[in-house]
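Reviewing the structure listed below.
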Amino acid sequence: MELPASEPDRQTAAHLHGVLAELKCREPIFHHPEFGTSREDFERATAPDFWETGASGQRYSREFVWATLEQRRLAAEQGRPEEDPWETSDFQLREIASDTYLLTYTLRQDDRLTRRLTVWKRTANDWTILYHQGTVVAS
C-alpha cells in the first residue's frame with residue numbers, strides 16, 4: 001500500500017524488532033501495574049529530569065505526574081477506579097542514541113485519538129523513561 005505524500009515511512013528497522021516488542025508491552029506508560037505502582041517503582045522507571053507534554057499541550061513535571069498517578073491509585077483502592085479504556089496501535093521505533101529509543105504509537109481512548117511519543121533509555125537493569133508526549137489528532 002502506498003503512503004500519502006504527507007506521511008513519513010515509519011518502518012522499524014529489522015534489528016530493532018526485539019526492542020520494539022519489549023517497549024510495546026510498557027505502553028501506554030504508567031498503565032501497567034505489573035511494572036509497579038509505588039513511588040519507588042515510578043522513580044526507578046523515570047529519569048530524575050523526566051517530564052511530559054500532555055495532549056493538551058500543557059507541560060507536566062515528574063512530581064506532578066507522580067501526584068496524579070497516586071491520586072488514581074488511591075481512588076481505585078477506595079473502590080472508585082477511573083474508567084480509562086484504551087487501545088494502542090501503529091507502533092514504530094528508532095534508535096536515536098546509544099541505548100536510547102524514540103517510540104511512537106497511536107492511542108485511542110473512547111472517541112479521542114492521540115499520537116504518542118516516549119523516549120526510552122536502556123539501563124543496566126531495566127528501562128528508564130526520559131520524556132513522553134501526546135498530541136491530539138484533529139478530527
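What's counted below: heavy atoms across the whole structure, side chains too, no hydrogens, waters or symmetry copies.
For CD of Q58, the number of neighbouring non-hydrogen atoms (other residues, nucleotides, ligands) closer than 6.0 Å is greater than 12.
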task = Run the numbers on T114 and T106 for side chain to side chain contact (heavy atoms under 4.5 Å, CB included), then give the verdict.
result = CA-CA 6 Å; T114 55; T106 300; over 6 Å; no
request  = Determine, stepwise, if the pair H132 / F50 fulfils side chain to side chain contact (heavy atoms under 4.5 Å, CB included).
outcome  = CA-CA 8 Å; H132 181 72; F50 166 83; 4.2 Å; yes
request  = Decide yes or no on ring pair (Phe, Tyr, Trp, His ring centres under 6.0 Å) for F30 and F35, but give the supporting numbers first.
outcome  = CA-CA 8 Å; F30 314 132; F35 295 114; over 10 Å; no
query = Checking side chain to side chain contact (heavy atoms under 4.5 Å, CB included) for the pair E27/I29: CA distance, chi angles, key distance, verdict?
reply = CA-CA 5 Å; E27 296 285 354; I29 57 173; 3.5 Å; yes
request  = Decide yes or no on side chain to side chain contact (heavy atoms under 4.5 Å, CB included) for L103 and L20, but give the supporting numbers first.
outcome  = CA-CA 8 Å; L103 178 70; L20 177 61; 3.6 Å; yes
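A donor-acceptor distance shorter than 3.5 angstrom exists from the side chain of K121 to the backbone of S98, with no hydrogens or angles considered. Within the 3.5 Å criterion, the main-chain N or O of T12 finds a donor-acceptor partner in the side chain of H17. The main-chain N or O of F42 is found under 3.5 Å from a side-chain atom of T46 such that the two form a donor-acceptor pair.
The CZ atom of R108 sits 8.0 Å away from the OG atom of S89 when rounded to the nearest 0.5 Å. In this structure, OG1 on T118 lies 8.5 Å from CG on L102, to the nearest 0.5 angstrom. With rounding to the nearest 0.5 angstrom, the CZ atom of R62 is 15.0 Å from the CH2 atom of W51.
In this structure, R94 and L16 approach most closely via the heavy-atom pair CA-CD1, 4.0 Å.
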Expected list for residues 124-131: side-chain donor-acceptor pairs under 3.5 angstrom, two or more places apart:
| residue | atom | partner | partner atom | Å |
| --- | --- | --- | --- | --- |
| D126 | OD1 | R26 | NH2 | 2.9 |
| W127 | NE1 | E22 | OE1 | 2.9 |
| Y131 | OH | T53 | OG1 | 2.8 |
| Y131 | OH | Q133 | OE1 | 2.6 |

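For the residue pair T100 / E95, no side-chain donor-acceptor distance below 3.5 Å is found, with atom types taken as modelled.
Looking only at side-chain heavy atoms (C-beta outward), R122 and V19 come within less than 4.5 Å of each other. Using a 4.5 Å cut-off on side-chain heavy atoms (C-beta onward), P85 and Q109 make no contact. Side-chain contact between W86 and H31 is present, with heavy atoms from C-beta onward closer than 4.5 Å. Looking only at side-chain heavy atoms (C-beta outward), L69 and R73 stay at 4.5 Å or farther from each other.
Ring pair F64/Y60 is parallel by interplanar angle, where below 30° counts as parallel and above 60° as perpendicular. Under the 30°/60° scheme for interplanar angles, the aromatic rings of Y105 and F91 are found to lie parallel.
With T104 as the partner, the side chain to side chain donor-acceptor pair (under 3.5 Å) test is satisfied by one option alone out of R10, R116, R115: R10.
Within the structure, every pair that satisfies the salt bridge (charged side-chain N to carboxylate O under 4.0 Å, His left out) test and touches residues 33-55, not counting sequence neighbours, is listed here: R39-E43, R39-E63, E40-R44, D41-R44.
In this structure, Y101 has its ring center at least 6.0 angstrom away from the ring center of W120.
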